[in-house]
Every structure is written in C-alpha cells, then in structure tokens.
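See below for the structure under consideration.
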Amino acid sequence: MSKVSIVSTGLGNKDLLTTEGKKAIENSQVIIGAEKLLKEFGNRKETIVLKGNLDYISNFIKENYEKKSIAVLVTGDAGLYSLAQSVKKRIPKDIPCEIIPGIGSLQYLCGKVGIGYENIKIVSFHGKKGSILPYAAYNRTLFAITGGEVKAHDVIKELCDGGLGHVKICAGENMSHEDERILKGKAEELVCCEFKDLTSLVIENETYVNSYIPLFDNDFVRSKVPMTKEEIRWITVSKMNIKPQDIIYDIGAGTGSVTIEMARKANEGLVYAVERNSEAVSLIKENKAKLGAFNVKVIEGLAPGCISDLPKPDKVFIGGSCGNMREIIETVLKKNPKVKVMINTITLESLSESISTLKELKFDMEIVNMNVSRAHSVGGYNLMKANNPIYIISGEKNYED
C-alpha cells in the first residue's frame with residue numbers, strides 16, 4: 001500500500017540520517033524538499049522543490065500517492081518547530097502518512113556539551129521576534145533556536161543589556177558540518193562574537209528564579225515609597241488572570257512590588273513599570289535586580305505620554321494615574337481594544353473617577369472592597385490593627401453580540 005513519508009533529515013549531514021530515514025528516501029520515487037536538501041539527498045528521477053506555499057504539495061500528494069511512493073524532506077527534528085507538522089496537516093487523513101524522526105540541534109548540541117535535556121526549556125526565535133529575558137530569568141537551563149531576523153549574537157546582546165551577562169552560553173554554529181563551531185563562555189564574554197544563521201544556544205542561569213513562589217513584603221527594598229501590601233497584591237494579580245506570554249503595563253509602579261509579582265506570572269512575557277518619581281524608579285531597579293525580575297523594563301515618565309511607543313498590552317494595572325485616568329485608558333484601548341484594566345485605589349475620589357471612566361468607556365466592571373487586618377502584640381495580647389480598605393476595580397470590554 002502506498003504511503004507518504006515525512007523524513008526528518010536532522011542537521012543536514014548524511015552521516016546523522018537514521019537508517020529508517022535512509023530506507024524511506026531510497027524506496028521513494030518522488031522526493032519533495034528544499035533545494036538544498038534535494039541536492040544532498042534527492043538523487044532520484046523525480047524531485048519537487050518545496051516552497052513557501054504548501055498547497056501545491058498537498059494537491060500533488062492527493063493526485064499521486066497511489067501511483068508513486070513519496071518522501072517529503074524536512075530539516076531538524078520533526079517534533080521540534082519543524083515544517084513536518086505543517087506538511088502533515090495538509091495531507092488528508094485517509095492518506096497513509098508517517099513521520100520519521102531525526103537527530104536535531106537539541107539532541108546534537110546537548111550531547112556535544114554533555115547536558116541532559118529532560119528538564120530543559122525550549123524556545124525558538126527562528127523567523128519570529130521575542131525576548132530571551134523572561135525565559136533566561138525563570139529557567140535554569142534553556143535551549144534557544146535562532147535564525148532569520150534574530151541571530152544568536154542578538155540574543156546574547158539582549159542578555160547582557162538586560163542584566164544577565166553572567167549566564168553561561170554554549171553556542172553551536174553549523175553543527176555536524178566541516179565548519180562546525182561550538183563556543184562556550186559567559187554571555188558577557190561572547191557578546192562581541194558574530195554568529196551565522198541557524199545557530200543554537202544552550203543557556204544556563206544558576207541564579208534563576210522560581211516564578212511560582214509568591215513574594216512577601218519583606219522581600220522588597222522599601223524606603224518611603226508607598227507599596228501595595230502582599231495580601232492585596234496577591235488577590236489583585238490573581239484576578240488579572242495573567243498568561244505566561246502577556247505584555248503588561250504597571251502604571252504608577254511605586255516600589256515595583258506589583259510589577260515583580262506580575263512579572264513572575266508573565267514568565268514568558270514582559271512587564272513595563274511606568275513611574276515618574278525618580279526615587280521610586282531607583283527602587284524598582286533595585287528590587288528588579290534583587291529578585292531576578294529581568295523581564296521588567298522600567299519606563300521613567302508620566303503616562304500616557306511615555307507609553308505611546310510601548311508594544312500592545314494584554315493587561316494594564318493602574319496603581320496611580322496622577323489625574324490622567326481617562327487619557328491612560330483611552331491610550332491603551334487604542335493599542336488593544338480587548339485590553340484588561342485593573343485599578344487599585346484607597347480614596348473615594350479615585351474610586352469615583354475610576355468607575356465613571358470605565359462606565360463611560362463601556363467596560364464591564366467588577367468592584368471588590370478589601371479590608372485587611374494584622375495582629376499586633378500588646379501587653380501579652382494580640383490585637384487586630386486594620387490597614388486602609390482598598391478598592392480593586394477590574395474592567396474589560398465585552399465584544400460579544
């Protein structure tokens with residue numbers, strides 16, 4: 001019975017092709033793949049160059065799979081950011097299709113440097129933008145695929161610029177080929193190196209932070225800058241329903257306590273701490289470094305003016321608006337009409353302003369009032385001392401019909 005084989009060619013070196021992969025290629029009558037792969041593996045009567053639009057491949061397979069055995073060649077490991085899945089999705093389910101795995105850059109590089117990858121975090125910057133900082137901040141060992149617009153040297157520079165120059169790097173370039181280059185060192189030692197396309201990195205951060213551990217008030221450097229207390233902080237951040245890859249603004253960030261709590265939840269994203277007070281800005285930077293929150297970017301200035309060039313936010317926390325509540329919310333709405341806004345306030349005036357603004361802008365709202373008391377020892381007795389009550393207001397636009 002005819003079938004289609006999707007063959008992972010690994011790193012493109014024939015010596016690393018699996019026996020099963022070799023058999024599939026040898027027994028095929030038609031080989032489909034990128035031009036470079038066809039030159040290496042496609043010594044057959046009929047070859048088809050794989051291009052960007054895969055629909056023509058799907059049509060060819062539908063029309064020919066019963067008459068000809070077909071092998072589709074893909075690079076890397078078929079299960080790791082591979083074209084294999086995109087090809088397989090375009091093959092009708094009634095056509096027999098098998099994926100033959102191969103040795104990819106993860107197995108090869110980790111084997112070269114003697115690192116196990118059962119607990120490794122994997123991220124790809126090949127053909128897409130993103131920040132390495134959250135991944136490196138919250139994972140002990142990280143495997144990063146680079147290429148396209150984001151080269152390995154771009155990743156290493158971002159690590160150094162973001163305060164993670166101390167992490168260990170193992171860079172694998174042109175792996176398995178004659179011009180293979182594997183470099184080891186701290187990021188700050190390799191920052192001047194240039195790397196070719198499709199270089200892979202193993203990044204080790206021995207001082208990584210466990211992002212699932214909550215933060216207590218005494219974890220922060222305080223000074224005289226106001227700080228959201230831990231009980232309020234935990235409930236506020238929980239109600240924000242932060243996803244790992246979220247982009248978040250903290251406007252009026254103060255000491256950075258809410259900022260850093262949110263940064264641990266957005267452990268694959270970024271948090272922008274917006275603060276106009278220079279003393280508070282210094283505290284945020286100090287707490288960021290102390291608590292390993294390297295996915296926090298500090299923006300000194302007054303919102304909304306200083307947030308105009310920031311990327312589109314998924315969530316926005318407003319701890320202080322300096323009277324610019326409406327302008328801030330209108331600005332973030334222009335960036336993302338589906339943004340979730342969370343406001344904390346202790347004054348009735350700010351409460352009234354927040355509610356009226358969200359109501360006028362047609363947000364669906366939830367309002368919670370919290371009263372927290374702490375026990376204090378007085379003459380052998382424990383007496384409860386109340387903190388200021390706080391209002392937690394959250395809002396989202398409802399676009400359902």
Side-chain angles (χ1 to χ4, degrees), residues 137-138 209-242 246 248-267 271 273-293 295-296 298 315-323 325 340-355 358 365-395:
Y138 301 114
V209 170
N210 184 339
S211 62
Y212 296 98
I213 295 177
L215 291 159
F216 296 89
D217 289 348
N218 58 12
D219 291 324
F220 295 91
V221 181
R222 293 281 303 277
S223 185
K224 296 179 181 179
V225 177
M227 184 179 79
T228 302
K229 300 299 187 295
E230 61 193 41
E231 295 88 359
I232 305 299
R233 192 168 64 243
W234 294 339
I235 289 175
T236 298
V237 172
S238 179
K239 280 185 168 292
M240 289 185 75
N241 192 26
I242 294 170
D246 276 349
I248 306 171
Y249 299 172
D250 182 357
I251 297 175
T255 60
S257 65
V258 176
T259 305
I260 295 171
E261 198 88 57
M262 294 191 297
R264 290 196 175 186
K265 295 285 187 183
N267 54 23
V271 180
V274 180
E275 178 55 59
R276 67 168 185 165
N277 182 294
S278 58
E279 182 183 359
V281 167
S282 296
L283 277 175
I284 296 168
K285 292 178 179 178
E286 189 173 353
N287 282 316
K288 168 185 170 178
K290 179 189 176 193
L291 299 169
N295 60 329
V296 169
V298 183
K315 312 278 167 49
V316 174
F317 173 73
I318 303 175
S321 65
C322 297
M325 181 71 72
K340 180 167 185 174
V341 174
M342 181 76 72
I343 304 167
N344 279 11
T345 181
I346 61 173
T347 70
L348 295 177
E349 289 78 9
S350 292
L351 172 65
S352 176
E353 179 190 17
S354 301
I355 293 173
L358 292 177
M365 279 185 285
E366 178 189 68
I367 304 168
V368 175
N369 176 240
M370 281 191 64
N371 294 269
V372 176
S373 298
R374 288 176 175 268
H376 290 262
S377 180
V378 179
Y381 293 91
N382 285 314
L383 299 179
M384 301 305 293
K385 183 178 180 181
N387 293 326
N388 285 322
I390 190 162
Y391 297 91
I392 302 172
I393 308 131
S394 58

Check your understanding: What distance do L351 atom CG and I346 atom CD1 have between them, rounded to the nearest 0.5 Å?
Key -> 11.5 Å

Study note, to complete from the structure: Heavy-atom nearest pair, A253 first then I284, reads CB-CD1, 3.6 Å

Point to revise | Nearest heavy-atom neighbours spanning R276 and C322 | key: NE-SG, 3.4 Å

Revision key, fill the gap. On a heavy-atom basis, the closest approach of V237 and M262 is CG2-CG, 3.9 Å

Practice item. Begin with the C-alpha distance, continue with both residues' side-chain angles, and end with the deciding distance and a verdict on side chain to side chain contact (heavy atoms under 4.5 Å, CB included) for T259 and F317. Key: CA-CA 9 Å; T259 305; F317 173 73; over 6 Å; no

Study note, to complete from the structure: Shortest non-hydrogen pair, I355 vs M365, comes out as O-CE, 3.8 Å

Practice item. Return the minimal non-hydrogen interatomic distance between A263 and V271, and the atom names on each side. Key: CA-CG2, 3.6 Å

Point to revise | N-O pairing of R233 and D217 below 4.0 Å | key: yes

Check your understanding: Taking it one step at a time, do V209 and L291 satisfy side chain to side chain contact (heavy atoms under 4.5 Å, CB included)?
Key -> CA-CA 8 Å; V209 170; L291 299 169; over 6 Å; no

Check your understanding: Please walk me through it: do M240 and S394 pass side chain to side chain contact (heavy atoms under 4.5 Å, CB included)?
Key -> CA-CA 8 Å; M240 289 185 75; S394 58; over 6 Å; no

Exercise for review: Evaluate side chain to side chain contact (heavy atoms under 4.5 Å, CB included) for R264 paired with I213, printing each intermediate quantity in order.
Suggested key: CA-CA 8 Å; R264 290 196 175 186; I213 295 177; 4.0 Å; yes

**Study point:** Interatomic spacing from CD in E261 to CZ in F220 - rounded to 0.5 Å
**Key:** 6.0 Å

Study note, to complete from the structure: Rounded to the nearest 0.5 Å, the OG atom of S223 sits from the CG atom of L283 at a distance of 5.0 Å

Revision key, fill the gap. Interatomic distance, CD1@I343 vs OG@S321, rounded to 0.5 Å, equals 8.0 Å

**Study point:** E275 and V298, any side-chain heavy atoms less than 4.5 Å apart
**Key:** no

Point to revise | R222 side chain reached by M227 side chain, heavy atoms, under 4.5 Å | key: yes

**Study point:** Side-chain donor or acceptor of W234 paired with backbone N/O of F216 under 3.5 Å
**Key:** no

Exercise for review: Without swapping roles, check the side chain of N295 against the backbone of A266 for a donor-acceptor pair under 3.5 Å.
Suggested key: yes

**Study point:** Test item: K288 side-chain N/O and V296 main-chain N/O as donor-acceptor pair under 3.5 Å
**Key:** yes

Point to revise | Heavy-atom donor-acceptor pair, N287 side chain to T255 backbone, under 3.5 Å | key: yes

Exercise for review: Output yes when R374 and E231 qualify as a salt bridge under the 4.0 Å nitrogen-oxygen rule, no when they do not.
Suggested key: yes

Check your understanding: Donor-acceptor pair, K340 side chain versus I242 backbone, under 3.5 Å?
Key -> no

Practice item. Check for a donor-acceptor pair, side chain of E279 on one end and backbone N or O of V225 on the other, with a separation under 3.5 Å. Key: no

Exercise for review: State the CG-CD1 distance between N344 and I318, to the nearest 0.5 angstrom.
Suggested key: 10.5 Å

Check your understanding: For K290, does the NZ atom sit with more than 12 other heavy atoms under 6.0 Å from it, leaving out its own atoms?
Key -> yes

Check your understanding: Say you draw a straight line from NZ of K229 to CD1 of I390; how long is it, rounded to the nearest 0.5 Å?
Key -> 9.0 Å

Study note, to complete from the structure: Note: P214 and D219 closest approach over all heavy atoms is O-OD2, 4.5 Å

